[in-house]
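All heavy atoms count here, side chains included; hydrogens, waters and symmetry mates do not.
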Amino acid sequence: MLRTLSLQLHSAITGTYVSGAHSVVFVNCPNEQIARDIARAILEKKLAASVNILPKASSLYFWKGEIEEAIEILLLIKTRTSKIPMLYSYIRLVHPFEIPEVFSLPMDQGDVQYLKWLEESMEDRVGESCASC
């Protein structure tokens, strides 16, 4: 938490981007409706600034000792790294999979204007917070 605050303070003072302040979170969903529902809820709760829904990813994986195949919908969620614990908790709460595929990669670099928009898009309105996360 202190690291995140210091990164935000450094970025605000210097006007530069600090690597890792934002992340991309990957989540597979069983169908498009569930993917859309999760994406919309994440945005409404200000847990992310943007979510891409990528249709029909072919997945092969081990499950209970067997190789399984499925067609899944991939969510690419762009968020502030400090919001990841709340985002993970929320996804585990609403996702239908027993063990949802949820992982993140830090953003190393990006367009300064895009990263500024990303940050501004997740600002809580006065008095709002993610009470149900």
Is there a chain of hydrophobic side chains (I, L, V, M, F, W, Y, each step under 4.5 Å between heavy atoms) that links [X] to [Y]?
| X | Y | answer |
| --- | --- | --- |
| Trp63 | Ile71 | no |
| Val25 | Val94 | yes |
| Phe62 | Ile99 | no |
| Tyr114 | Met122 | yes |
| Leu54 | Val24 | yes |

What I'd like to find out is whether the side chain of [X] reaches to under 4.5 Å of the side chain of [Y], using heavy atoms alone.
| X | Y | result |
| --- | --- | --- |
| Met86 | Leu47 | yes |
| Leu115 | Glu119 | no |
| Phe26 | Ile77 | no |
| Val51 | Leu76 | no |

Would you check if the side chain of [X] reaches a backbone N or O of [Y] as a donor-acceptor pair within less than 3.5 Å?
| X | Y | answer |
| --- | --- | --- |
| His95 | Ile38 | no |
| Thr81 | Ala21 | yes |
| Ser59 | Glu72 | no |
| Lys46 | Ser121 | yes |
| Lys45 | Tyr90 | no |

Got a second to check how far [X]'s [atom1] is from [Y]'s [atom2], nearest 0.5 Å?
| X | Y | atom1 | atom2 | result |
| --- | --- | --- | --- | --- |
| Arg36 | Leu75 | CZ | CG | 10.0 Å |
| Glu98 | Arg92 | CD | CZ | 14.0 Å |
| Ile34 | Asn31 | CD1 | CG | 4.0 Å |
| Ile73 | Glu32 | CD1 | CD | 5.5 Å |
| Ile67 | Leu60 | CD1 | CG | 7.5 Å |
| Cys29 | Glu101 | SG | CD | 10.0 Å |

query: Counting heavy atoms not belonging to Glu68, are there more than 12 under 6.0 Å from its CD?
result: yes
Pair Ile91-Ile42, side-chain contact (heavy atoms from CB on, under 4.5 Å): steps then yes or no: CA-CA 9 Å; Ile91 290 170; Ile42 287 168; 4.3 Å; yes
Exercise: identify the closest heavy-atom pair between [X] and [Y]:
| X | Y | result |
| --- | --- | --- |
| Gln113 | Asp111 | N-OD2, 3.1 Å |
| Met107 | Lys78 | CE-CG, 3.4 Å |
| Trp117 | Ala49 | CH2-O, 3.6 Å |
| Ile53 | Ala39 | CD1-CB, 4.3 Å |
| Pro106 | Ser23 | CA-OG, 3.6 Å |

